[in-house]
Amino acid sequence: MSKKRNKKQSDIHQDNTEILREDSFENAGPEEVAEEYEAVAMQTQDDSTGEETLSGGEEPLETVGEDTPADEKAPEDMGSDPAKESSPAEEDMNEDPEEEELEEDLEEELEEDLDEESEEDLDEESEEDLEEEDTGRRRKRRRRGRRKEKKSLGKKPWIIGGSILGGLLVIYLGISAFFMGYFFINTTINGKDFSGKTVADVEDYLKEQVKNYELTIVELNNEKDVIKGSEISLVYKENSEVEDALKKQNPLLWVTSFFSKSSTDVRIQVSYDDQALEDKIQSIKAVTQEQTEPVSAYPKFDGSSFVIEPEVYGTAVNMEALTEKIEEHITEFNPTLDMLEEECYKLPKYTSESPEVQEACDAMNKYCEASITYTMTENVVVDKNLISTWLTYDENMQVTFNEDAVREWMRGFGSTYDTVGSTRTITSPSGKTVEVSGGTYGWSIDEDTETQNLINSIKNGEVATREPAYAQTAASHSAQDWGTTYIEVDLSAQHMWYIVDGSVAFQADVVTGLPTPNRATPAGVYSILYIQRNATLIGEKDPATGEPIYRTPVSYWMPFTWQGHGFHDATWQPGFGGSLYQSIGSHGCVNMSYSDAGTLFGMIGAGTPVVLHY
């Protein structure tokens with residue numbers, strides 16, 4: 001029994017040692033945990049050695065028995081371990097569900113051990129079973145200890161991470177507090193960098209700028225003028241503009257300034273002598289020199305199409321823009337003003353890049369696609385070379401097709417190719433060559449109709465070959481537009497010929513009008529209006545009687561004017577040809593014998609040309 005008791009006490013001591021080890025693991029680092037495991041292993045080895053000594057029946061058995069009271073007090077001694085010294089409240093706070101379970105298991109085992117000591121009739125076989133059972137319990141406790149150790153170690157990264165985040169938050173808020181009184185990084189005010197500066201820093205800078213400020217004005221040809229602040233009594237006026245700019249910052253967003261620039265335009269208030277500044281502006285070289293106005297880019301016909309003619313910059317100054325820019329530069333304390341870059345010169349309204357100019361070119365080239373060819377004595381072509389002269393653009397690059405210009409051209413075209421009343425040359429079958437003018441026969445273009453036709457063709461971009469619209473036509477576009485078939489009357493020779501295809505088909509002597517202003521036969525080129533049998537010719541009214549001066553019936557009537565001039569038979573005439581017309585001439589008609597009149601009547605028709613000349 002004594003041997004069994006000693007073994008049990010040894011096991012209990014080992015269990016208590018393990019409990020102490022587990023309790024100490026809770027707050028130990030990795031190295032301390034390793035040391036505790038080593039100590040437990042050594043203790044286990046010592047207990048095993050003690051068992052062997054007891055089983056050998058040597059002297060130390062008696063000593064163990066004497067130490068039993070001390071072993072029974074072991075729990076109290078262990079309770080004095082520094083690791084266990086804590087207040088009840090702290091122990092309650094540090095208790096873990098697994099730890100409580102372990103303590104309850106230990107108490108149950110101690111009770112079981114005490115009960116087993118009172119049993120003296122255990123045999124050797126029961127003792128071995130008990131030892132195996134105790135060994136299993138110890139292994140179980142070790143596994144629980146290791147699990148608890150891992151759980152304790154798993155909490156540490158979260159604690160460390162939380163501490164780091166808390167520290168960073170404190171730093172971030174501290175920097176935010178800093179930027180409550182300082183401008184963000186990458187902050188520019190009126191073009192100057194004021195990163196990390198205060199309102200006072202900005203205002204001090206502005207005051208210093210005013211003190212020694214000079215504005216250099218760069219003009220064309222690198223001419224320069226300088227306006228000094230002292231010359232215009234320039235003074236800085238303090239205001240809240242800079243402070244307001246700082247207040248617009250959100251301090252909590254300071255980190256965003258590292259990734260984007262903040263540009264603030266502060267309208268600095270300064271005072272200066274307006275009249276002194278105006279005098280300085282008026283004395284600038286660019287203002288006092290000769291002013292050349294700029295020329296905008298515009299559509300220009302290059303012989304093939306309309307292209308953009310580049311703009312031309314002049315020297316004329318835009319006084320309104322110049323004054324505004326000078327005041328702006330003074331306010332912002334900019335040291336240099338380039339008049340060309342700041343557009344202080346008058347600029348052309350349109351440049352080569354202006355879409356309006358290109359659109360105008362396109363519209364004008366659309367008109368120029370048309371080409372109309374008139375077949376006259378030679379071809380007359382209306383194409384882009386002529387059409388381009390009828391196209392204009394206004395100040396807004398709006399294209400206009402000048403229809404009045406088309407009408408004017410058509411009048412010239414008509415006067416060139418209209419032959420009515422024009423002077424022609426004729427050679428009689430007798431070999432006589434004379435000029436003849438006047439009359440109603442010939443080409444006459446219907447100018448109104450053809451003008452509109454041409455305008456429509458150009459607007460539609462039409463390409464065509466045609467004759468113009470005519471009010472009346474002739475036989476040919478040659479110099480003798482009456483062609484090769486016509487009637488010729490030589491008023492001087494008192495003779496007539498009917499020419500067919502260039503050859504004389506009929507001829508006869510005639511008597512023409514008495515050579516007086518009211519009765520002379522008119523010279524010129526005419527045509528037979530119509531032919532009529534058995535007509536009565538009625539003369540003008542006699543003012544005295546109110547009756548026609550004559551009523552003469554004829555058998556063959558072939559008029560060539562609407563005023564009553566024509567060919568007819570005149571049976572009352574005693575003869576024909578010679579100089580009879582000078583004494584017994586007609587009232588303007590061409591008198592023929594009855595037979596000759598009948599022959600001619602049968603050979604001609606309406607439209608036959610009639611050429612009368614002296």
Set of ring pair (Phe, Tyr, Trp, His ring centres under 6.0 Å) partners for Phe194, sequence neighbours left out: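 Applying ring pair (Phe, Tyr, Trp, His ring centres under 6.0 Å) to Phe194 gives Tyr205.
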Listed by chain and number, what are the ring pair (Phe, Tyr, Trp, His ring centres under 6.0 Å) partners of Phe401, not counting sequence neighbours?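 Phe401 satisfies ring pair (Phe, Tyr, Trp, His ring centres under 6.0 Å) with Tyr367 once adjacent residues are dropped.
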In the structure I gave you, are the side-chain heavy atoms of Asn402 and Val406 within less than 4.5 Å of one another anywhere?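 No. Closest side-chain heavy atoms not under 4.5 Å.
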Heavy-atom side-chain proximity of Lys228 to Tyr213 below 4.5 angstrom: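 Lys228 does not reach Tyr213 side chain to side chain.
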Testing the basics here: between [X] and [Y], what is the closest heavy-atom pair and its distance to 0.1 Å?
| X | Y | answer |
| --- | --- | --- |
| Lys346 | Pro294 | O-CG, 3.3 Å |
| Tyr272 | Leu277 | CE1-CD2, 3.4 Å |
| Ile308 | Gln358 | CD1-OE1, 3.3 Å |
| Met410 | Glu447 | CG-O, 3.8 Å |
| Asn385 | Ser388 | O-OG, 3.1 Å |
| Trp409 | Leu454 | CZ3-CD2, 3.9 Å |

Which residues satisfy the salt bridge (charged side-chain N to carboxylate O under 4.0 Å, His left out) test with [X], sequence neighbours excluded?
| X | value |
| --- | --- |
| Asp404 | Arg407 |
| Glu243 | Lys247 |
| Glu395 | none |
| Lys197 | none |

Who passes side chain to side chain contact (heavy atoms under 4.5 Å, CB included) against [X], sequence neighbours left out?
| X | result |
| --- | --- |
| Leu165 | none |
| Glu309 | Tyr298, Lys300 |
| Gln289 | Lys285 |

Just grab all the ring pair (Phe, Tyr, Trp, His ring centres under 6.0 Å) pairs involving residues 304-324, residues at least two apart or on different chains.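 Passing the test, one end in residues 304-324: Phe301-Phe306.
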Residue pairs fulfilling salt bridge (charged side-chain N to carboxylate O under 4.0 Å, His left out) with at least one residue in residues 348-365, sequence neighbours excluded: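 Every pair satisfying salt bridge (charged side-chain N to carboxylate O under 4.0 Å, His left out) with a residue in residues 348-365: there are none.
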Could you name each residue pair satisfying salt bridge (charged side-chain N to carboxylate O under 4.0 Å, His left out) that touches residues 163-176, not counting sequence neighbours?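 Found none.
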Between Lys325 and Glu341, is the closest basic N to carboxylate O distance under 4.0 Å?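 Between Lys325 and Glu341 there is no salt bridge, as every charged N stays at least 4.0 Å from the carboxylate O atoms.
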Taking the side chain from [X] and the backbone from [Y], do they hold a donor-acceptor pair closer than 3.5 Å?
| X | Y | value |
| --- | --- | --- |
| Gln249 | Tyr182 | yes |
| Ser371 | Val463 | no |
| Asn221 | Glu223 | no |

How many angstroms lie between CD1 in Ile326 and CG in Asp225, if you round to the nearest 0.5 Å?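 Reported to 0.5 Å precision, the distance equals 9.0 Å.
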